[in-house]
Peer 1: 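Quick one: the structure is below, and I'll ask about it shortly.
Numbers here simply count residues along the sequence, with the first being 1. All values derive from a computational prediction rather than experimental measurement.
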Amino acid sequence: MIREGPPSAFVVRDLAMPYATSSDNVRLYYEEVGQGTPILFVHEFASDYRGWEPQMREFGKRYRCITYSARGYAPSDVPHDAEAYSYLHVMRDAVAVLDHLKIDKAHFIGLSMGGYTALRAALNHPQRVRSMVLAGTGSGSERWYTMDFHKASRALGDQFEHEGSAAVAASYGVSAARLPFLLKDPRGFAEFTARLGEHDALGSANTSRGFQGARPSLYDFADKLAKLATPALIVVGDEDARCIEPSLFLKETIPASGLCVLPKTGHVVNLEEPDLFNAIVGDFLARVDGGRWPARDPRTRAPAPGPAPWN
């Protein structure tokens, strides 16, 4: 065991733990289970590698499943340079995990920040992404909301830095889109909040400011998405208000995409409704692997009554 970094940001490490290394020498902790076609799970801002446990257990029965912690989330490295937390850094990290494991191509399953990362990987490295599940993806993309989202994310980063993760967890977890989790599953919500409170405050602060507080709206690369051939499943909770319009945008824009809206569900769809989420995703993966998830037939598109809100 060793300690790295100054007292305010050290991470205790076991040298026997498995790590991939990014192109800028950031170590990324990962876990894997199972055999078969690879799946890479990419976590949300308020979670880490542990947030995919229900999916690791289910899909690990028939797939090779990998979950990892993004940079800034122990036991991965926590860079001190605030400039090392852009959405491009995080996207390249996902590909670095595949490189380390000698995986040519994988299904990507991402939630929120992880969905954004999966989408960017498909745009920049389409040959590496077999399919993508975009769950709770696109918050902050609505044109009227993007600037406010960036401002709020930078303020949240300041809160992490000045008050610490435990204090943030006590308030951040009860935001509108996360309350359905608390109301539905208090024990599961308590586990989620406890994990958030354990996060490295510096890593969370830099991620909130560098990734969340600066990433472009999904709508900014609509033209590229319209040319994307990667099969996509978009999953959103009907009580995850800021992700509903972006999910409709993704469905309308990505040619080979399907949309699933989970009832009475907020942002953390994979933990709020793990059985339903697993069943929907399992069907999607089977169809993709069987060549049965084609691009949308143009005949299914009805004439638009007017411009869409993202235009």
Peer 1: Judged by atom type as modelled, is there a donor-acceptor pair below 3.5 Å linking the side chain of Ser141 to the main-chain atoms of Ser217?
Peer 2: no
Peer 1: Going by atom types alone, do Ser86 and His89 pair a side-chain donor with an acceptor below 3.5 Å?
Peer 2: yes
Peer 1: To the nearest 0.5 Å, what is the distance between OH on Tyr63 and CD on Gln35?
Peer 2: 14.5 Å
Peer 1: Is the Tyr116 ring parallel, tilted or perpendicular to the Phe211 ring (thresholds 30°, 60°)?
Peer 2: perpendicular
Peer 1: Sub-3.5 Å donor-acceptor pair from the side chain of Thr146 to the main-chain atoms of Gly140, do we have one?
Peer 2: yes
Peer 1: Within the 4.5 Å heavy-atom criterion, are Thr265 and Pro180 side-chain neighbours or not?
Peer 2: no
Peer 1: First locate atom CG of Leu134, then atom CD1 of Ile109, and finally report the distance between them rounded to the nearest 0.5 Å.
Peer 2: 10.5 Å
Peer 1: Measure the shortest side-chain to side-chain distance between Leu218 and Asp220 over non-hydrogen atoms and say whether it is less than 4.5 angstrom.
Peer 2: no
Peer 1: Out of curiosity, Ser175 OG to Leu182 CG, how far, rounded to the nearest 0.5 Å?
Peer 2: 11.0 Å
Peer 1: The criterion is side-chain hydrogen bond (donor to acceptor under 3.5 Å, both in side chains); which residues satisfy it with Ser131, sequence neighbours excluded?
Peer 2: His107
Peer 1: Between His199 and Phe160, is the ring centre distance below 6.0 Å?
Peer 2: no
Peer 1: State which residues pass side-chain hydrogen bond (donor to acceptor under 3.5 Å, both in side chains) with Tyr29; sequence neighbours excluded, sorted by chain then number.
Peer 2: Glu31
Peer 1: Contact between Asn206 and Pro79 at the side-chain level, heavy atoms closer than 4.5 Å - yes or no?
Peer 2: no
Peer 1: Would you check, one step at a time, whether the test side-chain hydrogen bond (donor to acceptor under 3.5 Å, both in side chains) holds for His100 with Tyr30?
Peer 2: CA-CA 11 Å; His100 174 79; Tyr30 69 90; 3.3 Å; yes
Peer 1: Do Tyr68 and Glu32 have side-chain heavy atoms sitting under 4.5 Å apart?
Peer 2: no
Peer 1: How long is the straight-line distance from CG of Leu88 back to CG of Asn124, given to the nearest 0.5 Å?
Peer 2: 7.0 Å
Peer 1: Is there a donor-acceptor pair closer than 3.5 Å between any side-chain N or O of Ser139 and the backbone N or O of Cys243?
Peer 2: no
Peer 1: Pick from Arg57, Gln55, Arg50: which one makes a side-chain hydrogen bond (donor to acceptor under 3.5 Å, both in side chains) with Glu53?
Peer 2: Arg57
Peer 1: For the pair Asp158 and Arg154, evaluate salt bridge (charged side-chain N to carboxylate O under 4.0 Å, His left out) and give the outcome as yes or no after the intermediate values.
Peer 2: CA-CA 6 Å; Asp158 294 342; Arg154 292 191 293 269; over 6 Å; no
Peer 1: Validate the cation-pi geometry between Arg215 and Tyr87: distance from NZ or CZ to the six-membered ring centre under 6.0 Å, angle to the ring axis within 45°.
Peer 2: no
Peer 1: Determine the minimum heavy-atom distance between Ala122 and Leu228, stating which atoms define it.
Peer 2: O-CD1, 3.5 Å
Peer 1: Would you say the side-chain atoms of Ser69 pair up with the backbone N or O of Tyr49, donor to acceptor, closer than 3.5 Å?
Peer 2: yes
Peer 1: Is there a side-chain contact between Ile103 and Ile66 in this structure, where contact means two heavy atoms from C-beta onward sitting under 4.5 Å apart?
Peer 2: yes
Peer 1: Phe41 vs Trp52 aromatic rings, parallel, tilted or perpendicular, using cut-offs 30° and 60°?
Peer 2: tilted
Peer 1: Search all heavy atoms of Ile244 against all heavy atoms of Gly237 and return the closest pair with its distance.
Peer 2: CG1-O, 3.9 Å
Peer 1: Any salt bridge (charged side-chain N to carboxylate O under 4.0 Å, His left out) pairs touching residues 221-240, not counting sequence neighbours?
Peer 2: Glu239-Lys264
Peer 1: Are Leu101 and Arg64 close enough that some pair of their side-chain heavy atoms sits under 4.5 Å apart?
Peer 2: yes
Peer 1: Would one find more than 12 heavy atoms of other residues, nucleotides or ligands at under 6.0 Å from atom CG of Asp104?
Peer 2: no
Peer 1: By side-chain hydrogen bond (donor to acceptor under 3.5 Å, both in side chains), which residues pair with Arg301, not counting sequence neighbours?
Peer 2: Glu252
Peer 1: Check for a donor-acceptor pair, side chain of Ser204 on one end and backbone N or O of Ala201 on the other, with a separation under 3.5 Å.
Peer 2: no
Peer 1: Roughly how far apart are His150 NE2 and Ser208 OG, rounded to 0.5 Å?
Peer 2: 10.5 Å
Peer 1: Looking only at atom types and distance, does a side-chain atom of Asn270 sit under 3.5 Å from a main-chain N or O of Gly51, one as donor and one as acceptor?
Peer 2: yes
Peer 1: As a quick check of understanding, evaluate side-chain contact (heavy atoms from CB on, under 4.5 Å) for Thr137 and Met132, giving each step before the final call.
Peer 2: CA-CA 12 Å; Thr137 298; Met132 54 186 175; over 6 Å; no
Peer 1: Looking only at heavy atoms, which two atoms of Asn278 and Phe59 are closest? And how far apart?
Peer 2: O-CZ, 3.3 Å
Peer 1: Of the non-hydrogen atoms in Glu142 and Pro246, which two are nearest, and what is the gap between them?
Peer 2: CG-CD, 4.2 Å
Peer 1: Given 3.5 Å as the limit, does a donor-acceptor pair link the side chain of Trp293 with the main chain of Ala256, or not?
Peer 2: yes
Peer 1: Is it true that a side-chain atom of Thr253 and a backbone atom of Leu250 form a donor plus acceptor pair closer than 3.5 Å?
Peer 2: no
Peer 1: If every non-hydrogen atom of Asn25 is compared with every non-hydrogen atom of Thr21, which pair is closest and at what distance?
Peer 2: CA-CG2, 3.7 Å
Peer 1: Show, in sequence, the C-alpha distance, side-chain angles and deciding distance for Asp185 and Phe181, and conclude whether the side-chain contact (heavy atoms from CB on, under 4.5 Å) test is met.
Peer 2: CA-CA 6 Å; Asp185 180 9; Phe181 190 11; 3.9 Å; yes
Peer 1: Determine the minimum heavy-atom distance between Ala96 and Ser22, stating which atoms define it.
Peer 2: CB-CA, 3.9 Å
Peer 1: Filter on salt bridge (charged side-chain N to carboxylate O under 4.0 Å, His left out), then keep only pairs touching residues 81-93, sequence neighbours left out; what's left?
Peer 2: Arg71-Asp93
Peer 1: Would you indicate whether the side-chain heavy atoms of Ile254 and Leu119 approach each other to under 4.5 Å?
Peer 2: yes
Peer 1: Rounded to the nearest 0.5 Å, what's the gap from CG on Leu196 to CZ on Arg178? Could you check?
Peer 2: 8.0 Å
Peer 1: Show the numbers, then the answer: is there a side-chain contact (heavy atoms from CB on, under 4.5 Å) between Val26 and Leu28?
Peer 2: CA-CA 6 Å; Val26 174; Leu28 305 163; 4.2 Å; yes
Peer 1: Following the transitive rule for hydrophobic clusters with a side-chain heavy-atom cut-off under 4.5 Å over Ile, Leu, Val, Met, Phe, Trp and Tyr, establish whether Val268 and Val281 coincide in one cluster.
Peer 2: yes
Peer 1: I'd like to know if the side chain of Tyr73 reaches the main chain of Phe45, judged simply by a donor and an acceptor atom lying under 3.5 Å from each other, with no hydrogens or angles considered.
Peer 2: yes
Peer 1: Give a yes or no on whether Glu198 atom CD has more than 12 heavy-atom contacts from other residues, nucleotides or ligands under 6.0 Å away.
Peer 2: yes
Peer 1: What verdict does the side-chain contact (heavy atoms from CB on, under 4.5 Å) test give for Leu179 and Val174, after you've listed the backbone C-alpha separation in whole Å, the side-chain angles of each residue and the deciding distance to 0.1 Å?
Peer 2: CA-CA 5 Å; Leu179 271 176; Val174 293; 4.3 Å; yes
Peer 1: In the hydrophobic clustering that connects Ile, Leu, Val, Met, Phe, Trp and Tyr at side-chain heavy-atom distances below 4.5 Å, which members other than Phe149 occupy its cluster, ordered by chain and number?
Peer 2: Trp144, Tyr145
Peer 1: Check whether any side-chain N or O of Glu272 sits under 3.5 Å from a backbone N or O of Gly266 as a donor-acceptor pair, and report yes or no.
Peer 2: yes
Peer 1: Could you check whether any side-chain heavy atom of Arg130 comes within less than 4.5 Å of a side-chain heavy atom of Asp289, counting everything from C-beta outward?
Peer 2: yes
